[in-house]
Structures are given as structure tokens and as C-alpha cells.
Amino acid sequence: GSTSPSHTHSLAETVCSSSSSSTINTAREVDLRHSTMFRQLLLAAAICCSLLSFSSTSSASSRAATDRPFFRIAFGSCNKHDKPQVFWDLLSAREPDLWIWLGDIVYADTPVVGKIRIPASAEQIERALSGQRANANYSRFMAKVPQSMAIWDDHDFGKNDGDGSYPVKHESKDAFLRFLDEPADSPRWKQEGVYTARVFQKQGKKIHVILLDNRFHHTGLDFFSFFGHNRPRQDMLGKAQWAWLEAQLAETKADLTIIGAGLQMLPNDKLVAEGFFNLPGSQAKLLALIAKHRKERVVLISGDVHYAEVSRAVCSRPAFPLYEFTSSGMTHAWNGFVKSTAIRLGVPGSRRLGEPFLDLNVGELDIDFGSGSRTGAGADGEDHDGQEEGELDDDRPEGSRRSKADHVTFRAYGTDGRASLSIRVPLQELQLQKKKETPATDSATEAEEETAAETAQLDADVAECAAADLSGSMPAACARLLATCLPGLEMRDAMQITLAYLFGLTLLLALLCAPYALLRRRWPQASRLVLLAVQAVLWAMLISLFRAF
């Protein structure tokens, strides 16, 4: 009945081993259950993340579709074909319905120093345009964008600040149209100049785009142009283009009219720049034509200046607001200290809204009509009588309509892809101020006479406003500065004071450089020629100021 110590020890080891094995198995089971639960939790979390991601993506896509404007136009200018071009991927991502070149697509002329450039030959223009077409990013963008339009300015025309006297302008026009793949039956091949117009029609809405050629018929600038004098022979667009523009404005009824040009059209007091203000008669005529044909909802777009800005002009009689959106500088801009200072001092722009954007930029114009803003892409263009029409495809869901008031939004995008300049303008603001309704008269004849009188008065007011307000010149800029420095001084009085001062100063300088100095034999021939040139310039200034005064 007794148990030996060795047997007892062996039994204890067996019991301990059994107990240890059981404990280990239990721990393994617990670890397995925990591992299974952890994997299930991870799987559930992954499913939730996937659902949230899908929901977020769908929501973002839905918002993107909803935020898409009725019609989107992208535009740009001042693009050196031999420099890096950074905007084509950004433009592709913005998915515009229409791309517009506003001049200086290439720089065909040869730089010497500063603004001095050697005019390009026909071969150089062709070579520069071919270089731009060879840009892979540009080619991809042009293959993607549904529609495109283009106008030139001076550097793709072939001559810096060029005008109608440029000897190879016809060869330049042919090269330009070949670059655009202009259809063989386009009227641009036969007309003098590259001006064009198209109507984009969608869901009963019409957008009329007019591009003006400010080079081919330009009569050129002279000394008097610097002072804002428009002699009868000087003109920006030429007789044929003016007639064409008036026909476009008179015959086409559109919900929005966009007029574009290589040069700025609204600014009128910039000292160091080129624009329609160099020829105030042409500038005034453009405004008068818009008002004459009661063109409401008109905006202007332009390039040339190597920065982006918004300009606004309003005539007091009648209330006739015009906005101009400028985007310029796709490969080079006025972003250095010296140039940016010159912009603010020498090119103040009294019609400028806010600050300009002085870095590389490209422009975008979003158009929204409140009753039916829906996404569309693509257009089929037809060409007839110098005007093309297109019906845009519409593939946006019916549920994504908007109820916002009709408006246009201009943005200037920098190289970082952000809108550095932005403004939203209700289209109602662009309409002519209309007279309130009056009780009906007893006589139909009286009503007709009253309507005719109102129309005549409107025409007279528009003509007066165009002549008085659009008087860009150096004296006008000086007078505006004087009126700003002396509060309470009327602009008209400031103008008279400025002209009188400049007249007296020029007369004094002319007298100081009296011809007797030229008779002193000890002066070298070169010095006498220089003095003679100075004398001629001073007397020309005197004559110019006398006419202005």
C-alpha cells in the first residue's frame, strides 16, 4: 500500500506536464480567437474605408459635374515658342469648351535690345509657327479642346508694334491661317486681315465671339498719337473691318457678346503702353458701335501687356458699363521689381479694378445662364458669310441644373494652378439702363414720337460720352494725376491747366534751343544735327499741344 518516492515524483511530473499543456492550449485558443477578431475588425475597417472613399469620390464627382459652367472659355497671349510652356496641362484639366489665342502666339521677330526688334521675314514667321505646332503638350491640348479661335498681334504678325505698312503682311496672313488649319472655304483666306466671328448656340442660348484684327489695317502711330490726337487718316481697323463689325453687331442677336483683340480696348490713360487709346477716334468708334446697336451683355477680352488685369468703364449718360478682362504672359511677364514698379507708375490705368497680377498667367471666362447651366463639350462649326455657327453637344444629367442669376466669372491662373485674379460679374449689370414704363398715351403718333426722341437722345448721349470719356493721351494722364492730388478740381479744369503748362514748358524749351546755336561754327557737325533734331521735336510738340489746347 505504500508508494515509492520515485513513483511519486514521476506522478507529480505527469500532473504538472498535463496541467502545463492544458494551459498552453488554452492560451493558443485565446490567441487564435483574438487574431480572428482582429482580422475581422481589419476587414470591416477596410470595407468601411472603401465605402467612404467611394462615397467621397462620387460626391466629389457630383460636385464637379454640378459646378461645371454652362460654357467655359480659356484664353491667353504672349507665348514665346522657344521658351518652356507650362500651362497646357492646366488648361487640359480645366476642360474649356473653347480656346482663344489673343495674339503673340509666337515671337517671329528678332530681338536686338529692349523693344528694338528686327521685323521677321515670311520664312521666319513660318518657322516660328511650325515650332509652336511641334510642341507636344500644345498638340495634346489642341487635340482635346472642342473648339478654338485665334487672332494675332504684333509679334506673330511679324513686326513689333507693326501696322499696315508691314511689307510681308499678306504672306504672314497665309502662314497664320495655315497654322490654324483654316478650312479652304473660310472667308478669312479672301479678306484683308484675319478678323473673325463665331456664334455658339446651346439650349436656346447664343454666345457671339468677335475677334478684331488690330494690325493688318492699322495706319500706324506718329508723334501726335502719343498725345492722343486722332487725325482723319489714322485708324485701327480699316474701313472694311469697321463695316464687317457693324454688320456683326447689327445682325446677330445673342445672349452674350464677347469682343476680343490683341490690344487693350478700354484703358485710356497709360503712359507706357500700346492700345486702342493711341487712336482715341477708333476707341470711341468701337464704344459707339456697341451702344448704337443696343448690344447688351457685352464683355471685352485682350492680351499684349504681359500681366493680367480687369478694366471697367462707365459712361454716366446713359449708364453703359463695359468690362475688359486681360490675360497676357504665358511664357514671360512683368514680374520683376523694375517692371512691376513701371506698371504701377507709368501704366496706372484709372479704369483698372483692383491690383493687376504680374506673373505668368492664362485666362478663363466661365459663362452661366441661370435657367439652364449644364455641361456641354464639343461643337460642329459651319462657315457662312464670314461667320461660323456651332451647336454644342450636351451630355450633362437633367438633375444638375442651376438656379443662379446669369453671370460671367473671369479668372487668371498662375503657374501654381490657383486663380490669382478673379471677378464675378452679373450679366444684368452689363445691360443698358432702360427708362421706366410710363402710362400709355392717347395717340399712337405721340408714342412713336416719344420713342424716336428717346432713341435720338440716347444716340447723342452715347456719342458725347464716347468723345469725352475715351480721350486717352499723355496730357489726360497728367490731368488725372493733377485732379487726384488736388481734391475738388474738376477733370476738365485739370486738363486745361495741364495743357497750358505743357504748352508753356514746350515753348520755353523751343526758345532755349534757338536756331542761333546751330550757327556756331565751333560745334561739330554731329552736335548741330542733334540740336536740329531736338528743335524739330520740340516744335512738333508745340504744334501738337496748340491743337489740343
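Just so it is clear, the model here is predicted, and its values are computed rather than measured.
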Nearest 0.5 Å, what's the [atom1]-[atom2] distance between [X] and [Y]?
X      : Y      : atom1 : atom2 : result
Trp244 : Leu212 : CH2   : CG    : 6.0 Å
Leu286 : Leu245 : CG    : CG    : 6.5 Å
Ile105 : Phe176 : CD1   : CZ    : 4.0 Å
Leu102 : Ile301 : CG    : CD1   : 4.5 Å
Leu300 : Phe276 : CG    : CZ    : 9.5 Å
Arg352 : Glu309 : CZ    : CD    : 4.5 Å

His332 and Tyr107: CA distance, side-chain angles, deciding distance, ring-ring contact (aromatic ring centres under 6.0 Å, His included) verdict | CA-CA 12 Å; His332 53 293; Tyr107 279 61; 5.1 Å; yes
Report the relative orientation of the aromatic rings in Trp101 and Trp99; use parallel for angles under 30°, tilted for 30 to 60°, perpendicular for over 60°.
->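 The arrangement is perpendicular - the two ring planes meet at more than 60°.
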Closest non-hydrogen atom pair between [X] and [Y], with its separation:
X      : Y      : answer
Leu180 : Ala150 : CD2-CB, 3.5 Å
His208 : Ala197 : NE2-CB, 4.0 Å
Thr331 : Lys83  : O-CD, 3.9 Å
Pro321 : Leu430 : CG-CA, 4.1 Å
Leu177 : Arg188 : CD1-O, 3.6 Å
Pro119 : Gln124 : O-OE1, 4.0 Å

Is any side-chain heavy atom of [X] closer than 4.5 Å to a side-chain heavy atom of [Y]?
X      : Y      : answer
Tyr307 : Asp359 : no
Val408 : Leu427 : yes
Ile207 : Lys205 : no
Ser148 : Met142 : yes
Val194 : Ile151 : yes
Leu249 : Ile210 : yes
Met330 : Asp104 : no
Met236 : His218 : yes

Audit row: Arg198, Gln147, side chain to side chain contact (heavy atoms under 4.5 Å, CB included) steps and yes/no = CA-CA 11 Å; Arg198 298 182 68 176; Gln147 290 289 310; 2.4 Å; yes
Verify, without hydrogens or angle tests, whether [X] (side chain) and [Y] (backbone) share a donor-acceptor contact under 3.5 angstrom.
X      : Y      : answer
Asn214 : Leu263 : yes
Arg117 : Asp109 : yes
Ser139 : Ala134 : no
His217 : Glu192 : yes
Ser77  : Gly303 : no
Asp154 : Asp161 : yes
Asp255 : Lys206 : yes
Lys202 : Phe70  : yes
Gln85  : Asn137 : no
Thr219 : Asp235 : yes

Distance-only polar pair, side chains of [X] and [Y], donor-acceptor under 3.5 Å:
X      : Y      : value
Tyr413 : Arg94  : yes
Gln264 : Ser311 : no
Asn361 : Ser327 : yes

What residues, two or more places apart in sequence or in another chain, satisfy ring pair (Phe, Tyr, Trp, His ring centres under 6.0 Å) together with Tyr323?
->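 Residues passing ring pair (Phe, Tyr, Trp, His ring centres under 6.0 Å) with Tyr323: none at all.
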Verdict with reasoning, Val425 to Phe410, per side chain to side chain contact (heavy atoms under 4.5 Å, CB included) = CA-CA 8 Å; Val425 181; Phe410 167 69; over 6 Å; no
Step by step, would you call Leu279 with Lys285 a side chain to side chain contact (heavy atoms under 4.5 Å, CB included)?
-> CA-CA 10 Å; Leu279 300 178; Lys285 188 173 183 178; over 6 Å; no
Just do the side chain to side chain contact (heavy atoms under 4.5 Å, CB included) check on Ser422 and Arg411 with the steps written out, would you?
-> CA-CA 4 Å; Ser422 179; Arg411 303 181 187 91; 3.8 Å; yes
Provide the full list of salt bridge (Lys or Arg N to Asp or Glu O under 4.0 Å) pairs with a residue in residues 169-180, sequence neighbours left out, each pair given once.
->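 Non-adjacent pairs meeting salt bridge (Lys or Arg N to Asp or Glu O under 4.0 Å): Glu126-Arg178.
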Going through the checks in order, is the salt bridge (charged side-chain N to carboxylate O under 4.0 Å, His left out) test met by Arg72 and Asp366?
-> CA-CA 5 Å; Arg72 172 169 288 166; Asp366 280 355; 2.7 Å; yes
Checking Lys159 against Tyr166: charged group under 6.0 Å from the ring centre and within 45 degrees of the axis?
->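 No cation-pi geometry.
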Dump the intermediate steps for side chain to side chain donor-acceptor pair (under 3.5 Å) on Gln132 and Asn79, then the final yes or no.
-> CA-CA 9 Å; Gln132 179 59 32; Asn79 177 75; 3.0 Å; yes
With His407, the side chain to side chain donor-acceptor pair (under 3.5 Å) member among Arg424, Gln428, Glu429 =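 One option only clears the test, and that one is Arg424.
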